[in-house]
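Side chains included, hydrogens not; waters and symmetry mates left out as well; all remaining heavy atoms used. Counting starts at 1 for both ligands and their atoms, following the listed order. Small disclaimer: the values here were computed from a predicted structure and weren't measured.
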Amino acid sequence: MEQEKSAAQANAHKGVWIFAEQRHGQLISTAYELLNVGRRLASDLNAELSAVLIGHKVAEHAQALIEHGADRVFVHDHPMLENFLEEVYSRLLCELIQKAPPDKFLLPASILGRSVAARTAVEARTGLAADCTELSIRKDSGLLNAVRPAFGGNLLATILCENSRPEMATVRPMAFGRAQRVAGRQGEVVVVKVEPERFKTRTRFVQFVREDSGEQDIASCDKVVSGGRGLGASKGFDLIREFAHTLGAAVGASRATVDAGWIPYRHQVGLTGRTVRPKLYFACGISGQIQHLAGMSSSEVIVAINTDPEAPMMKLATFSIEGDLYEVVPAIIGELKHRRGDAVTHNSTNSN
Ligand SMILES: Cc1cc2nc3c(=O)[nH]c(=O)nc-3n(C[C@H](O)[C@H](O)[C@H](O)COP(=O)(O)OP(=O)(O)OC[C@H]3O[C@@H](n4cnc5c(N)ncnc54)[C@H](O)[C@@H]3O)c2cc1C
């Protein structure tokens with residue numbers, strides 16, 4: 001009986017959806033990452049890929065979503081949707097799910113995505129796999145294989161949602177690359193009319209306060225210099241900051257240093273921190289435990305600086321420098337400054 005019900009449900013639910021998150025009217029990169037993985041899943045199912053956009057003055061992003069792989073974009077655009085309110089956003093998503101039921105629905109595992117996904121899944125009476133790092137389609141059943149790290153990253157758990165639809169998952173930012181743009185790609189834009197009574201909530205938006213630390217963000221910078229317990233003390237981050245500043249990089253950290261109170265949590269890279277995919281990642285005094293690697297192993301070039309040649313990070317790294325970071329890092333900074341000085345002299349000579 002349960003199987004008959006789920007088969008009937010599966011037939012009524014069609015296509016793959018992604019939630020295209022925007023902040024302050026701008027799409028964030030997870031929208032393009034979800035389009036990338038969503039397109040692959042939709043192709044495997046021979047199904048359509050749709051993006052759902054909610055906000056104010058966001059309709060202009062529909063074409064960008066289509067050019068990055070969406071066949072259809074559902075747009076909810078209203079001044080009352082400018083600021084995120086979980087109740088409203090999940091209500092709109094649930095109504096859309098009822099009107100045009102999807103088979104799979106992917107949302108970003110961002111702060112906004114996690115909260116709206118959980119509420120939507122409960123209201124839509126379906127299952128949700130959280131913080132997934134791999135997604136694929138089962139050949140036999142067409143079900144979503146939603147893979148996520150479990151038990152502190154020591155295991156990868158595959159989660160199936162067999163009996164309810166849509167199958168929902170939140171996807172870890174940076175777990176997938178961005179979709180390629182195909183200029184001029186055509187698709188359908190569906191403008192969803194939002195009735196004013198949909199904005200009745202028990203919560204209200206008061207104010208958005210931006211934290212301005214003046215530092216580069218680790219998730220968006222293409223170079224990251226991270227420090228670990230090998231720094232020995234919080235003061236060691238002064239050297240890491242100088243290194244990052246010289247290189248034009250963001251400052252990352254291992255959990256050991258965050259737990260020790262040497263640096264705020266927003267710098268933490270790893271399973272319980274943030275995922276980064278920079279072109280260049282420096283790991284200074286970081287051993288490379290699996291939970292740290294979970295957040296940075298997709299970096300293009302990894303440079304490890306460690307006194308222990310047997311440390312896992314030294315094995316993983318593209319370039320391993322065996323030595324005391326308090327000798328190696330100042331030497332690299334000195335060389336960078338020297339080269340930059342040469343370049344300035346060279347340019348000024350040319351311009352004269
Ligand atoms: C559920 C769970 C989630 C976790 N999530 C995360 C996470 O998100 N991110 C994370 O980072 N960790 C996480 N951890 C912790 C993780 O297991 C490690 O404990 C942590 O990453 C170790 O940090 P570290 O490499 O800085 O320290 P250590 O493992 O102590 O390594 C220090 C390294 O510095 C080297 N060293 C020492 N002195 C010097 C020197 N002068 N010069 C150069 N090298 C030197 C040593 O040889 C050593 O390799 C998690 C753990 C659990 C159980």
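- Only the side chain of Q268 comes within contact range of ligand 1, with a heavy atom under 4.0 Å; no backbone atom does.
- Comment: E335 does not engage K337 in a salt bridge, judged by the lack of any side-chain N to carboxylate O separation of less than 4.0 angstrom.
- In this structure, the protein non-hydrogen atom closest to atom 4 (C) of ligand 1 is R255 NH1, 3.2 Å.
- Less than 4.0 angstrom separates some heavy atom of G228 from each of these atoms of ligand 1: 26 (O).
- When the shell of 6.0 Å around CZ of F208 is examined, it contains more than 12 heavy atoms from other residues, nucleotides or ligands.
- Between T257 and R229, the side chains place no donor N or O within less than 3.5 Å of an acceptor N or O (distance only, hydrogens not considered).
- For ligand 1, the atoms lying closer than 4.0 Å to a non-hydrogen atom of L271 are 7 (C), 8 (O).
- Near L325, with a cut-off below 4.0 Å to any heavy atom, the atoms of ligand 1 are 40 (C), 42 (N), 43 (C).
- Looking at atom 34 (O) of ligand 1, its nearest protein heavy atom turns out to be G285 O, 3.1 Å.
- Of all the atoms in ligand 1, the ones that sit under 4.0 Å from a non-hydrogen atom of S254 are 11 (O), 23 (O), 24 (P), 26 (O).
- For Q289, every heavy-atom contact with ligand 1 shorter than 4.0 Å involves the side chain, none the backbone.
- Screening residues 34-49 for side chain to side chain donor-acceptor pair (under 3.5 Å) gives R39-D71, E48-R72 as the qualifying pairs, with residues at least two apart or on separate chains.
- Counting protein heavy atoms only, atom 53 (C) of ligand 1 is closest to Q291 NE2, 3.9 Å.
- With respect to atom 5 (N) of ligand 1, the closest heavy atom belonging to the protein is T272 OG1, 2.6 Å.
- The atoms of ligand 1 that sit less than 4.0 Å from any heavy atom of V269 are 7 (C), 8 (O), 9 (N), 10 (C), 11 (O).
- Those atoms of ligand 1 that come under 4.0 Å of a heavy atom in G270, given as number and element, are 7 (C), 8 (O), 9 (N).
- Nearest protein heavy-atom neighbour of atom 39 (C) of ligand 1: G230 O, 3.6 Å.
- When hydrogens are left out, the protein atom nearest atom 45 (C) of ligand 1 is T307 OG1, 3.4 Å; that is the closest non-hydrogen contact.
- At least one heavy atom of G323 sits less than 4.0 Å from an atom of ligand 1.
- Between E33 and R178 there is no salt bridge, since no side-chain N of the basic residue sits under 4.0 Å from a carboxylate O of the acidic one.
- Using a 4.0 Å cut-off between charged nitrogen and carboxylate oxygen, R114 and D131 count as a salt-bridge pair.
- For I290, the side chain to side chain contact (heavy atoms under 4.5 Å, CB included) partners at least two apart in sequence or on another chain are N154.
- For the residue pair T246 and E242, no side-chain donor N or O sits within less than 3.5 Å of a side-chain acceptor on the partner.
- Taking atom 21 (O) of ligand 1 as the reference point, the nearest protein heavy-atom neighbour is H292 CB, 4.0 Å.
- Ring geometry, H292 versus Y281: the interplanar angle falls from 30° to 60°, so the pair is classed tilted.
- Compare N306, I321, D308 by their heavy atoms: the one nearest to atom 46 (C) of ligand 1 is in N306.
- Of all the listed residues (C284, G273, A256), A256 holds the heavy atom that lies closest to atom 23 (O) of ligand 1.
- Protein heavy atom nearest atom 27 (O) of ligand 1, with residue, atom name and distance: R229 CB, 3.4 Å.
- Contacts between T257 and ligand 1 below 4.0 angstrom, taking non-hydrogen atoms only, are absent altogether.
- Ranked by closest heavy atom to atom 28 (P) of ligand 1, the top entry among G252, S287, P312, G295 is S287.
- M314 and Y326 are members of different hydrophobic clusters when ILVMFWY side chains are connected at heavy-atom separations under 4.5 Å.
- Side-chain contact of T126 with E167: a donor-acceptor pair under 3.5 Å is absent, judged by distance alone.
- Using a 4.0 Å cut-off to heavy atoms of D324, the atoms of ligand 1 that qualify are 40 (C), 41 (N), 42 (N).
- Y89 and F84 have perpendicular rings, their planes meeting at more than 60° on a 0 to 90° scale where under 30° would count as parallel.
- Under the 30°/60° scheme for interplanar angles, the aromatic rings of H78 and F199 are found to be tilted.
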